[in-house]
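Proteins come first, then strands; the chains are lettered A, B, ... in the order of their sequence lines, and each starts at number 1. These values consider heavy atoms only, across backbone and side chains, with no hydrogens, waters or symmetry-generated copies.
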Amino acid sequence: MRVSKFPLLTVKETPTDAEITSHKLMIRSGMIRKLAAGLYTWTHLGLRVLRKVENIVRDEMNNAGALELQMPTVQPTELWDESGRLAQYGPELLRFRDRHDREFCYGPTHEEIITDFARKELKSHKQLPINLYQIHTKFRDEIRPRFGVMRAREFLMKDAYSFHTNYDCLEEEYQNMFTAYSNMFTKMGLEFRPVLADTGNIGGSKSHEFHVLASSGEDAIAFSDGSNYAANVELAEAVMPNEPRPVPSEELQTIDTPDQETIEEVSSFLNVPKERCIKTLIVAGSESPVIALLLRGDDELNEIKADKLPEVETPLRFATDEEIKSAVGCNKGSLGPVGIEIPVIADRNTTNIADWTCGANIEGKHLRGVNWERDLPLPQIADLRKVKDGDPSPDGQGKLSIARGVEVGHIFQLGTKYSEAFKAAVQNEAGESQTMIMGTYGIGVSRIVAAAIEQNNDDRGIIWPDSIAPFQVAIVPMNMHKSERVQAKAEELYKELRKNSIDVLFDDRKARPGFMFADMELIGIPHRIVIGDKGLDRGVIEYRKRDQGENQDIAVEEIIQFMKDTIQRQ
RNA sequence: CGGGGUGUAGCGCAGCCUGGUAGCGCAACUGCUUUGGGAGCAGUGGGUCGGGGGUUCGAAUCCCUCCACCCCGACCA
């Protein structure tokens, strides 16, 4: 492609409404333009990337034996009524009526449609298992769309649905999809992690999310350095400490701590490490008005875990200052478990410390040298805290590291939730009607593009992995309009590279070199060839990889072979 | 939906407080010069000042109202 016929919509200035790197760079490079909140036009440049991602997804799905189909984006609302999700989805579901006043919605996902299709078309166990997928536009009326295409309202998604007669078969397909997803992200050149998602469901590892690692990611994930274990931090188990509790060595004493309320303040005021403080959080209870949760001073409450405790009111709610005052008799800064008259649940990490410090339940006073089973009994124990960097992995192998990630894929063993609601059944070998068992597998195709940029950029712009770059090579000629031999060589190279099926962008503009370099770097072309009189005098053409700072001189007659080799290797 | 904020040229902004009929930078267009890291000079075009209503001799500016967009919270590929 010639730049003269492929106008670049690059801009120097960053629009004020872009916050994260990928959004800024997608606007600046001219890949997308906003139409309205959460709605974006993919330009001729951006669409090239989107299609490359899409095609990798499609290839891997096809390799995995899934069958592509396409369902309407507009769906009759009755189907949502049938599954019972109409109420559940709420205003995120965009609804409208046609001229006959029939109610429709724009599909945010397609479980209803595919299950309806399956119950009509799949009649025999001989047709199973089957995995049907589409790559299509979805619309979710997000309360707050942001970060460009990362969290848009309209977006491109690959959604797949599999149907089975037994759970072993579902498990097999789930593994098949797990492998296919891993292959896709590897092909795209992305650093990713499959992580355990909801383990609370019917046992086993029934759901995994795939995260592209990026410091700006919205999710924190914990993964082990000694095994494959990885989980969303929200779900990662903090294991019971196995070191024995030291024996008490201090006497229990009450100390004045005027105006010392936070763990930070108390620990520096009394000169005790935060690891030997216990903080007391009061939340609304389900069986009692309030309940106390104990954590070590250096730990943080994992609200998801707390929310799941039967003794805690759902959704989790912190007690108000008034509730605390009336239940305990002091304010937040002086709370402690000793002598407290409300139910107490302690985090695992609080159980093996001795001689610790906590509030005295008296305004402005703290207790020092507190010890379990001497000064107070051990309360109920639960896993309450967020896991931290360096924690032991819950599977007993290695230590956890925390990283941030962007969720780009999710695979899920659905079971019979929809097939039951829709009475989607086939006849089994015995001639009996049997409800189908389903799996569902999503990929945020347009989100991947943003995630890839989050992971691959520098202060000059995007650095595309070869497999999803809009063009693999940029040809940048120096003063082509003045030097006939530069022009001739550039034209020749352009033709040759294209002949070798390499996607090449030829900057044939009458522009200054710095201008062209800056554009090519901004839009992230991974390989650059510079042709100039300077080089030709020496019989060389300059090559530079986008992520390297140095030019490499390649003999003119070797450049084509060099490029073929270089790109093939990627 | 709750809280905060912004709408002035394609983009980024000033002007508003204290009303007098719209400006700066970048981009665009033309010409000349320049050409190995986002050029220089000269010139040109481009605005119902988010919409509607009101106050006033006069409104970008003051008042009312509607709308759009952005930021902080719950949701998700």
Checklist outcome for this item: With the side chain defined as heavy atoms from C-beta on, A/K34 is closest, among B/C69, B/C76, B/C75, to B/C69

Checklist entry - Atom CG of A/N183 and atom CE of A/M61: how far apart are they, to the nearest 0.5 Å? => result 12.0 Å

Between [atom2] on [N] and [atom1] on [X], what's the gap in Å once rounded to a whole number?
X	N	atom1	atom2	value
A/E234	B/C75	CD	C1'	12 Å
A/M480	B/U34	CE	C1'	18 Å
A/E154	B/A77	CD	C1'	14 Å

Checklist outcome for this item: Whether each nucleotide of nucleotides 5-14 of chain B has a protein heavy atom under 4.0 Å at its base (B), only at its sugar-phosphate (S) or at neither (-) is summarised, 5' to 3', as ------BSS-

Checklist entry - When every nucleotide of nucleotides 35-45 of chain B is labelled 5' to 3' by its protein contacts under 4.0 Å (heavy atoms), B for base, S for sugar-phosphate only, - for none, what sequence of letters results? => result BBBBB------

Checklist entry - Contact class for A/A152 vs. all strands (heavy atom < 4.0 Å): base, sugar-phosphate, or nothing? => result base

Checklist entry - With both distances under 3.5 angstrom, what nucleotide forms a Watson-Crick or G-U wobble pair with B/U21? => result none

Checklist outcome for this item: Answer for the Watson-Crick or wobble partner of B/C29, both distances under 3.5 Å, is B/G43

Checklist entry - Taking only side-chain nitrogens and oxygens of A/R146, does any of them come within less than 4.0 Å of OP1 or OP2 of B/G73? => result yes

Next on the checklist: Can a side-chain donor-acceptor contact be found between A/Y133 and A/N131 if the only test is distance below 3.5 angstrom?
Outcome noted: no

Next on the checklist: Pairing donors with acceptors under 3.5 angstrom, does anything connect the side chains of A/Q413 and A/E171?
Outcome noted: yes

Checklist entry - Between A/Y543 and A/F562, does the ring centroid distance fall short of 6.0 Å? => result yes

